[in-house]
Engineer: 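Quick one: the structure is below, questions incoming.
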2 protein chains.
Amino acid sequence: MSKRPVSLKTLAQALNVSISTVSRALRNHPDIGPELTQRVQQLAQELRYSPNPLAMGLLKNATRIIGVIVPALVTHFFASIISGIESVAIEHGYYIVIRCSYESFEKEQECLANLLQLRVEGIIMCLSQETKTYAHFDALLAAGTPLVFFDRVCRSTEVPTVVVDNQAAACRITRHFVAQGRRRIAHIAGPPALNISQERVAGYREGLAAEGLAFDAQLLVPSDLSAESATAATQQLLALPQPPDAIFGVNDTTAFAAMKEIKRQGLRIPADVALVGFTDEYHATVVEPMLTSVMHPTFEMGRTAALLFLEQAQGQVPPRQMVLATQLVVRESSGQKS
Amino acid sequence: MSKRPVSLKTLAQALNVSISTVSRALRNHPDIGPELTQRVQQLAQELRYSPNPLAMGLLKNATRIIGVIVPALVTHFFASIISGIESVAIEHGYYIVIRCSYESFEKEQECLANLLQLRVEGIIMCLSQETKTYAHFDALLAAGTPLVFFDRVCRSTEVPTVVVDNQAAACRITRHFVAQGRRRIAHIAGPPALNISQERVAGYREGLAAEGLAFDAQLLVPSDLSAESATAATQQLLALPQPPDAIFGVNDTTAFAAMKEIKRQGLRIPADVALVGFTDEYHATVVEPMLTSVMHPTFEMGRTAALLFLEQAQGQVPPRQMVLATQLVVRESSGQKS
DNA sequence: AAGCTTTGCGCAAAGCTTTGCGGAGAAAAA
DNA sequence: TTTTTCTCCGCAAAGCTTTGCGCAAAGCTT
């Protein structure tokens, strides 16, 4: 058990004045004489007084805590976003409490309820893969609790969101493949319910169309974003009568898994199959060949999400939809066809 | 601004009874009649009442929040540990608030003060690289606030800690190299102030001695655990008149950087230089050649740290030192010399 | 010197919960 | 019928902070 820290009461008793006087002295209220103010502040320093956030929270109905829900913690992607959120939060005197939904709809609901019990001032989150209905946010919205989505979003007319230019990026990748002499371009997509999957598929098809290539449903394989499903998807693609000469993975994890499988089958990258990922994590430069990927501004996405939260917390401004720009970082894995 | 949530007062007014009666009814106090108890509980359900943690915290002097300080967030290692801490915390009704010291001693002190202001019930942390003095923990210990260190530790007689068998693991690596025909074994070490660096160096030297190899100071190069410094260290090693035929990196980041540099210089792994890392992150199986590494039970380390915290929070038990076992996972990068 | 304005500080309430104690009414005992 | 004993509930305090209001003493005006 830790002892109770020093409170206004402690100071008041030590100085033989009232609690309210101490409170005012600390905030330099003109009602308190300069000499007393001085004495109070000095003692507060010595005893390292700091206001009790629980009492303040009770009074102001504000905990200065932001709840953050991510589908997974152990990924470069989400860790970096959390880092961005934290940096802004700290700058503005907020704390963040992290919860992980483990890509489960049920857990996502639990986390939400759990954080609301804590009386967080708002929620910044990324939808789980399983989330297909959005009614569990009704209570939040009704209560006026700020909510911000990043990357995987929904209800964008009511809720502020931060996303990247998924469609444009996917289109760019597809056209890049064509420029490198590829004609059979495959896409390992994400879960169909997610906006990121949909938008990247849209960009993929837009790119094909722009280059005069027909869309072949066989070349579009869904995954659950995991390495395992990506490996399976790659096997399926490579087993096709006319296998692809280029693969666009919905994220880097997918691309890494595809890379492993392609190499395992004795094919060369990029000579036989070109490969591009999405996110551009650190390891993209470590693997061989180095992975071409879309640079996803993860840290910036976190910061932006936090800023959108602050915006909502200040006053009821209309929800904004932020779209962050990505950049295609061309490396070895998408070189010329041999 | 979000509205005030339903409180005991809300329920009391709705049912026209006193607040204390509602409080007792909800906790099934025998003083309250069964019929009234029933009505109170039902209304509480309907209105989704949940006790205000701030009020409870004020009363019980317990926030049910654990502060967690890590030197870095965007790493597989710390993300996984945090994940472990979170899982135990949730199971026991605690929340965790994350702060990042960015490997800075100054920021570490800030984080600590900041979390104490929040009135966390305890701190679970990993020392920053720069931390060489430990006086900033005095106040914590004096106040009786539980403190737990993981991985990088200090003051182990007063504070519970969780570490891995660093020395044994490093010794095992060194002897594994010898078994693979290596004689000039180098070690890219961590910052000398950290116990993990010291223990791994000790294990490295123990292994050399056990195999009858002389210690060569030139083959021991420190790093700050970053990829950049590891690259520099590798260059330094490879430029030696008698370059090493094996390199043991203090962590996987270091090893990945070394791998990149070795390959850049046109040397083959493991034919010319064998390589082993420490942590065994996911990407160890993605790079080429696949990296031999020490499997570090990160998630388990997080869980153990959280359990040690709980132990301290329950009652003042003597601090325990936990040592988790690692395992050498042999892959391609440490194969036979050609 | 009497009345008025300042100056400087304390009281109390609100925010939410738990809990010891007291008290009113009814049922049981004498 | 009177006293005792339950039964069932409310009051109030504590935990900490802020803030409107009141009050006393000192200073000022005329």
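Within every chain, numbering begins at 1; the chains are lettered A, B, ... in the order of the sequence lines, protein sequences first and strands thereafter.
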Engineer: Under 4.0 angstrom, heavy atoms only, what part of the nucleic acid is B:S7 near: base, sugar-phosphate, or nothing?
Structural biologist: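 If one applies the 4.0 Å heavy-atom cut-off, B:S7 turns out to touch the sugar-phosphate alone, with no base involved.
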Engineer: Could you tell me whether A:E91 and A:R303 make a salt bridge, using a distance below 4.0 angstrom between a side-chain N and a carboxylate O?
Structural biologist: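 Salt bridge: yes.
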Engineer: Check the distance between D:dC16's C1' and B:Q117's CD and give it to me in whole angstrom.
Structural biologist: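 In whole Å, D:dC16 C1' lies 15 Å from B:Q117 CD.
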Engineer: What do the steps show when you test A:E121 against A:K60 for salt bridge (charged side-chain N to carboxylate O under 4.0 Å, His left out), and what is the final call?
Structural biologist: CA-CA 11 Å; A:E121 285 191 38; A:K60 299 270 210 297; over 6 Å; no
Engineer: Could you give the CG-to-C1' distance, from B:L11 to D:dC9, as a whole number of Å?
Structural biologist: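 These atoms are roughly 17 Å apart.
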Engineer: What one-letter contact string describes nucleotides 5-14 of chain C from 5' to 3', where B marks a base within less than 4.0 Å of any protein heavy atom, S marks contact via sugar-phosphate atoms alone, and - marks no contact?
Structural biologist: ---BBBBB-B
Engineer: Is C:dA14 paired to anything, Watson-Crick or G-U wobble with both distances less than 3.5 Å, and if yes, which nucleotide?
Structural biologist: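 Pairing partner: D:dT17.
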Engineer: Within the 4.5 Å heavy-atom criterion, are B:R152 and B:P71 side-chain neighbours or not?
Structural biologist: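 Answer yes - side chains close enough.
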Engineer: Near DNA chain D, under 4.0 Å by heavy atom, which residues of residues 49-58 of chain B?
Structural biologist: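 Here the set is B:A55, B:L58.
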Engineer: With distance as the sole criterion, is a donor-acceptor pair present between the side chains of B:T131 and B:E108 under 3.5 Å?
Structural biologist: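 Note: B:T131 and B:E108 side chains meet the donor-acceptor criterion.
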Engineer: Which residue in the set A:F78, A:F77, A:F150 passes ring pair (Phe, Tyr, Trp, His ring centres under 6.0 Å) when paired with A:H296?
Structural biologist: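 Going through the options one by one, the only one that passes is A:F77.
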Engineer: Figure out the NZ/P separation between A:K60 and C:dC16, and round it to whole Å.
Structural biologist: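 After rounding, the gap between these two atoms is 14 Å.
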Engineer: Now, which nucleotide makes the Watson-Crick or G-U wobble pair with D:dT30, with each of the two distances under 3.5 Å?
Structural biologist: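 D:dT30 is paired with C:dA1.
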Engineer: Please tell me whether A:S80 and A:T298 have a donor and an acceptor in their side chains that are separated by less than 3.5 angstrom.
Structural biologist: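 A:S80 vs A:T298: donor-acceptor pair found between side chains.
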Engineer: Could you check whether any side-chain heavy atom of A:N195 comes within less than 4.5 Å of a side-chain heavy atom of A:C154, counting everything from C-beta outward?
Structural biologist: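 No, side chains not in contact.
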Engineer: What about the rings of A:F137 and A:F149, do their centers lie closer together than 6.0 Å?
Structural biologist: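 That pair passes the under 6.0 Å test.
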